[in-house]
Protein chains: 2
Amino acid sequence: MGRRSDHSRKELEQMLIVEGHKHMADVGFSRFSAREVAKRIGYSIGTLYNVMGNYDQLIIAINTRTFVLWTDYMRQALGSAGDDRIRSLVEGYFGFARANRNAWMAIYDHHLPPDIRLPEEHDALRGQLTELVVEEVAKVLPADSRAQAPRLARSLVATVHGHCMFDINGSFALMGEREPVELALARVRESLAAAQVGAQAAT
Amino acid sequence: MGRRSDHSRKELEQMLIVEGHKHMADVGFSRFSAREVAKRIGYSIGTLYNVMGNYDQLIIAINTRTFVLWTDYMRQALGSAGDDRIRSLVEGYFGFARANRNAWMAIYDHHLPPDIRLPEEHDALRGQLTELVVEEVAKVLPADSRAQAPRLARSLVATVHGHCMFDINGSFALMGEREPVELALARVRESLAAAQVGAQAAT
DNA sequence: TTTTATATTGAACATCGATTAATTCTGCGA
DNA sequence: TCGCAGAATTAATCGATGTTCAATATAAAA
């Protein structure tokens, strides 16, 4: 077979994704270039398209990698956490986004055509972040209302996400808000407290 | 002076913004084209650049228009609201985003270079949406804690925004969440309730 | 060695944002 | 009425994008 270097197809794909992720972190979604990614690993643009299929699939793979790194980051934050695991989750969410602005924003900058869905494998990998939150929310809820954990957890992720978004895109800074993390954490605490007394009252 | 049609500079700018907004609503941020906007009003691309300056300023103007339409939409929702004005706000937020997906998303898809700020005029126009929420939040808070209204309102906007974002980009649908509006409203209610009893307790 | 299969290339294409020289038009003063 | 300064507009140009695909190069099989 006509390979010039000794990389298997899978290895080549990994190199493209890893280097593509770095390129995304460097220049951001709007200045991202598939040509540049190919150049960075010493291959031509044609090879990139043969391996990745098209632009969307390259971006999807890069963004899924961001999710994986993000999930690892949050797990580590939980691992070295004290009692206040909820705070660790919120700080982990913000911490990763702030430390990886371009890559993090690319997740939400990229929209695939409405008729195309995420490959299931990517869904599963990305979903682990939410699953992690569901687990922690379940721990905090009274035993008899743990069934609500998934729905509440998704809602709290959305809450934190909104705050994180406004932090990253400068909206909060513009409005003079200087502690977005504490703000988000306050909202999360209120909702968790409500879920706790709500369950108590229903007993 | 050498104008071929009878539109003043200001009129031309308005035409570009209005038609640009329609084009954005039609094709979305990623497929948006300044050339196409110029073509749609029967002018050349050069004229567009002479009037608007550059691409970013065109997008900024279009997005500010989206904010203005959004604010009007919310005011109308409040105008025809019953007692539950908080619900009207949340439903208005989602309602506009859902009815104007492309234009709404373009607001958050567009990032201007970090060294360039939004012109003050645009800041003011866009800020009215938040001001509207601040007013309503203040109404619901006890008199002695109204000073916290701006900060709490911004936080609640972020909360709703996160839910709306997950609704629009399909995350909620993917996770099986079918009533994002109710979910967001529940979070807002909990935080408002907490602020109310919090003030009561401090009395 | 010859054949075959496949990995890889990079020029070609249409389109994009951005710039600018050249052209066209218009209102005003002489 | 005429001429012209200057504003308005265009068309051509540039470098770059995603994408395609015939041509090429290479390693394994025959």
Side-chain angles (χ1 to χ4, degrees), chain A residues 1-17 19-24 26-63 102 106 109-113 115-116, chain B residues 1-17 19-24 26-63 102 106 109-113 115-116:
Chain A
M1 310 170 165
R3 59 172 65 109
R4 328 228 145 133
S5 47
D6 47 358
H7 296 116
S8 74
R9 210 71 174 178
K10 267 266 144 48
E11 284 172 337
L12 205 52
E13 182 174 349
Q14 266 308 298
M15 291 169 61
L16 284 167
I17 295 172
E19 202 61 31
H21 188 269
K22 289 183 191 168
H23 181 50
M24 183 68 80
D26 286 346
V27 305
F29 185 79
S30 68
R31 298 189 209 283
F32 182 88
S33 149
R35 267 191 175 82
E36 185 63 25
V37 174
K39 193 187 298 178
R40 284 173 72 140
I41 67 163
Y43 278 80
S44 76
I45 178 65
T47 301
L48 182 147
Y49 271 84
N50 285 341
V51 173
M52 302 304 303
N54 59 36
Y55 191 75
D56 278 338
Q57 287 178 253
L58 172 61
I59 303 294
I60 286 173
I62 289 172
N63 283 347
N102 284 337
D109 286 338
H110 181 236
H111 317 300
L112 34 86
D115 51 335
I116 293 181
Chain B
M1 308 180 155
R3 59 174 64 111
R4 326 228 146 137
S5 46
D6 46 357
H7 297 115
S8 74
R9 208 69 174 181
K10 268 268 144 50
E11 284 171 339
L12 202 52
E13 182 174 347
Q14 266 309 300
M15 291 170 62
L16 284 167
I17 295 172
E19 201 62 31
H21 188 269
K22 289 183 191 168
H23 181 52
M24 183 67 81
D26 286 347
V27 306
F29 185 79
S30 68
R31 297 190 209 284
F32 182 88
S33 150
R35 270 189 171 83
E36 186 62 26
V37 175
K39 194 187 297 179
R40 282 173 73 140
I41 66 163
Y43 281 79
S44 77
I45 177 67
T47 300
L48 182 148
Y49 272 85
N50 285 339
V51 173
M52 301 305 302
N54 58 36
Y55 190 76
D56 278 339
Q57 289 178 252
L58 171 63
I59 304 293
I60 287 173
I62 289 172
N63 284 348
N102 285 336
D109 286 338
H110 181 236
H111 318 301
L112 33 85
D115 52 334
I116 293 181

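Per chain, numbering begins at 1; letters A, B, ... match sequence-line order.
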Base of C:dT6, side chain of A:R9 - is there a donor-acceptor contact under 3.5 Å? no
Student check: side-chain heavy atoms of B:F29 and B:N102 closer than 4.5 Å: no
Picking from C:dA18, C:dT9, D:dT19, the nucleotide nearest the side-chain atoms of A:T47 would be C:dT9
How many angstroms lie between NZ in A:K22 and CD1 in A:I17, if you round to the nearest 0.5 Å? 13.5 Å
So how far off straight is the helix from C:dT1-D:dA30 to C:dA30-D:dT1, going by the axes through five pairs at either end, to 10°? 30°
Test your reading of the model: is there a side-chain donor-acceptor pair from B:N54 to the backbone of B:Y49, 3.5 Å cut-off? no
Side-chain N or O of B:S44 closer than 4.0 Å to phosphate OP1/OP2 of D:dA11: no
By the 4.0 Å heavy-atom rule, please label A:N50 as base, sugar-phosphate, or nothing. base
Let me have the donor-acceptor pairs involving side chains of residues 32-40 of chain A, under 3.5 Å, with sequence neighbours excluded, atom names and distances please.
{"unit_1": "A:S33", "atom_1": "OG", "unit_2": "A:R35", "atom_2": "N", "d": "3.3"}
{"unit_1": "A:S33", "atom_1": "OG", "unit_2": "A:E36", "atom_2": "N", "d": "3.1"}
{"unit_1": "A:R40", "atom_1": "NE", "unit_2": "A:E19", "atom_2": "OE2", "d": "3.0"}
{"unit_1": "A:R40", "atom_1": "NH1", "unit_2": "A:H23", "atom_2": "ND1", "d": "3.4"}
{"unit_1": "A:R40", "atom_1": "NH1", "unit_2": "A:D26", "atom_2": "OD2", "d": "3.2"}
{"unit_1": "A:R40", "atom_1": "NH2", "unit_2": "A:E19", "atom_2": "OE2", "d": "3.3"}
{"unit_1": "A:R40", "atom_1": "NH2", "unit_2": "A:D26", "atom_2": "OD2", "d": "3.3"}

Separation of D:dA11 atom P from B:K39 atom NZ, nearest Å, is 12 Å
Expressed in angstrom and rounded to an integer, what is the separation of B:Y55 atom OH from C:dC16 atom P? 10 Å
I want to confirm an ordering. Mapping A:R35 and A:G42 to their closest nucleotides on DNA chain C, which one lands closer to the 5' end? A:G42
Just verifying a value: how many Å separate B:L16 CG and B:I62 CD1, rounded to the nearest 0.5 Å? 8.5 Å
Result for 5'-nearest mapping on DNA chain D, choosing between A:S33 and A:G53, is A:S33
Is there a side-chain polar atom (N or O) of B:Y43 under 4.0 Å from OP1 or OP2 of D:dT9? yes
